[in-house]
Structure formats: C-alpha cells, structure tokens
Number of protein chains: 2
Amino acid sequence: MIMFNKYNPKFMELAFENATKIVDDIPVCAIITKNNEIISLETNKKEKDNITISHAEILSIISANKKLNNWRLDDCDMYVTLEPCPMCAWAIINARIKNLYFSIYDTKYGAFGGAFNINQYSDFKTNVFGGFMEDKGKILLENYFKKIRQKNETTIR
Amino acid sequence: MIMFNKYNPKFMELAFENATKIVDDIPVCAIITKNNEIISLETNKKEKDNITISHAEILSIISANKKLNNWRLDDCDMYVTLEPCPMCAWAIINARIKNLYFSIYDTKYGAFGGAFNINQYSDFKTNVFGGFMEDKGKILLENYFKKIRQKNETTIR
C-alpha cells in the first residue's frame, strides 16, 4: 500500500535549506506538496517586498492556487520551518490543507498549539503535527536574531 | 481641532456601494484611509481569482502597502462591510491598522468579538468598532445567499 500524505523528512530538509538562505527577513520557508510532489515553495518576504502579508505560508498558498487553478488545495500538505501565526493558520485551514507539518512551536504567536489553537474555531480541521527537526529550527532563528542584534550594535556605534 | 481617525460614514457608504456590485463572491468591501483620505479600496475576489487569501481586507492591505511602500500602515484606518475572519484580523493587526470600523458581526468566524477576540493574542491592539450600518450589511448578505440558493435550485432542475 502506498501511503500518500505521510510526513516525508526530505521536504522539511528542503524547507530548512531554503530558509537558511534568507538574509533580511525572519527565516521561514513553506512547501506545499500533493501526492508526495512539490506544488510550491516560498520563503518569507515581508521585509524584502514591504508587504505585510508576505509570509512564507501565504505566498506558498497563492503559488499553489495558481498552479492548481483552485482556491481549494484538497489533499495537499504543508511543511514549514516555524509554527504558523494566526493569519497563516487560518489561510491554511481556508485552503483545506490536509496535513500541516512544522518544526518549532511559537509560544508567542503560534496558532496551532503554541499560543492557542485556531482549529477550534473552524468546521474544517487541518491535521497538525509539530516538532520536526526542532534543533535545526531553533538554531536557525537564534542565528538570525543574533545577527540582527549585532547589526543594531554596529549601527549604534 | 481637526479629528483625524474618527469614524466617517461616507467611507462605510462607499464600501457598501462597491460591495453591492460584487456578483460571484461573498459581497465584502474594505477601504483603508489615512488622514481622512482613501489609500486603497478592494473587494472580495476569492472565487473570481481562485486565490484562497483574496479577501477584501487582505487585498486592501497589499494595495496600501504598495501605495505607501511600507508594510506598516501606521495611523491608517480600515472600513469593512463584514467583521473580518481570523486571517484578515491578524493581517490587520500585523499591518498596525489603528482603527477598524466594520458593519455586521460574524458570529461564526468573526475574530474581533463575533466568534472570539484575536486582539488578546497580540501586543499591538487595533481599536475595533463594530455594528455600523447593520441593516445594510444584513440585507447585502441575505440577498447574496438568496441568489446563491436560487441559482442552485435552477441548476438542480
């Protein structure tokens, strides 16, 4: 029996590879898959594009909508390097994403268990699995915020 | 004393004028203003564009970002004909919209008091005022769903 829509570590690894390349935005990458194939891959571009809503998850949903010519992403899964914020979480639910796999929990703004669970307000529930490659997720964000602090210190001098 | 950022009924009226023209999407219009001038005006295009996130509020934020070349919409207000869903509500907070004025509450998905209050999860709080021109808001949605039902009945025959 072929198991579709099962967690595949290669997609999370690929998400981390792409998130690591991000320079001037909080490093987050989101990948949407269907039948174990990549439909879209996007990174956070909020600062780069100066667009409030240009989070990795939102951009990957838009790309997938265009590719499949459908606002419903039935039987699609998402892999993301950080727990989604409430905006992205509701977009994921609205898009009917079946399974969501994320790395680290965000205890401040995470809307799938980290801060609160937005699934409770929806009839459709995305299946949510968090905590994949947490060491990698933690280091990625720590390095980013360390770099930001160093940059600010240099600017102050 | 000139009062900026105070509810101006002409913007809500204009939002209803534009929402009424929508044919194949749930009729919602969102207007962003700054210093009592319109920065952006967008309508719900989810079905038309086949993009999950193309709600009026999201599109009006993107337009305002581009116009002001800034992901921060400081000192901007939003007028919308329906209480925002959680996705749009968090986008509004993230954009730092100062005052939100909406017409009818959405008791199922409204994220600013209708179903729950998302402001509680954020440090930045958008000032939220609901219930403007509720009669108009109610009729607008009722007519839309009546039309949808009639269309479905015709299709079944």
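No experiment lies behind these values; they were computed from the predicted model shown. Here is how names work: the chains are called A, B, and so on, in the same order as the sequence lines, proteins then strands, and each is numbered from 1. As a basis for the values below, the full set of heavy atoms in this structure was taken, side chains included, without hydrogen atoms, waters or symmetry mates.
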Participant: Using side-chain heavy atoms (C-beta onward) and a distance below 4.5 Å, is Lys138(A) in contact with Glu142(A)?
Facilitator: yes

Participant: Do side-chain atoms of Ser122(B) reach the backbone of Phe124(B) as a donor and acceptor pair under 3.5 angstrom?
Facilitator: yes

Participant: For the backbone of Cys29(A) and the side chain of Thr81(A), can you confirm whether one donor and one acceptor N or O come within less than 3.5 Å of each other?
Facilitator: yes

Participant: Does the plane of the ring in Phe132(A) sit parallel, tilted or perpendicular to the ring in Tyr101(A)? Use 30° and 60° as the thresholds.
Facilitator: perpendicular

Participant: Strictly distance-based, threshold 3.5 Å: is any side-chain N or O of Asn70(B) a donor or acceptor partner for the main-chain N or O of Asn65(B)?
Facilitator: no

Participant: May I ask you to check whether over 12 heavy atoms, not counting those of Glu37(A), lie within 6.0 Å of atom CD?
Facilitator: no

Participant: Could you tell me how the ring of Phe116(B) sits relative to the ring of Tyr121(B): parallel (under 30°), tilted (30 to 60°) or perpendicular (over 60°)?
Facilitator: tilted

Participant: Under 4.5 Å, heavy atom to heavy atom: which of residues 45-61 of chain B reach chain A? Give them by number, or say none.
Facilitator: Lys46(B), Glu47(B), Asn50(B), Ile51(B), Thr52(B), Ile53(B), His55(B), Ile58(B), Ile61(B)

Participant: Under 4.5 Å, heavy atom to heavy atom, which residues of residues 16-26 of chain A contact chain B?
Facilitator: none

Participant: Are Pro84(A) and Trp90(A) close enough that some pair of their side-chain heavy atoms sits under 4.5 Å apart?
Facilitator: no

Participant: Could you point out which residue of Ile39(A), Ile31(A), Ile97(A) forms a side-chain contact (heavy atoms from CB on, under 4.5 Å) with Met78(A)?
Facilitator: Ile97(A)

Participant: Which one wins on heavy-atom pair count under 4.5 Å against chain A: Ala111(B), Cys88(B), Ala95(B)?
Facilitator: Ala95(B)

Participant: Does Val128(B) share a hydrophobic cluster with Val28(B), counting links as ILVMFWY side-chain heavy atoms below 4.5 Å and allowing steps through other members?
Facilitator: yes

Participant: Under 4.5 Å from any heavy atom of chain B, what part of Ile118(A) do you find: side chain, backbone, both or neither?
Facilitator: side chain

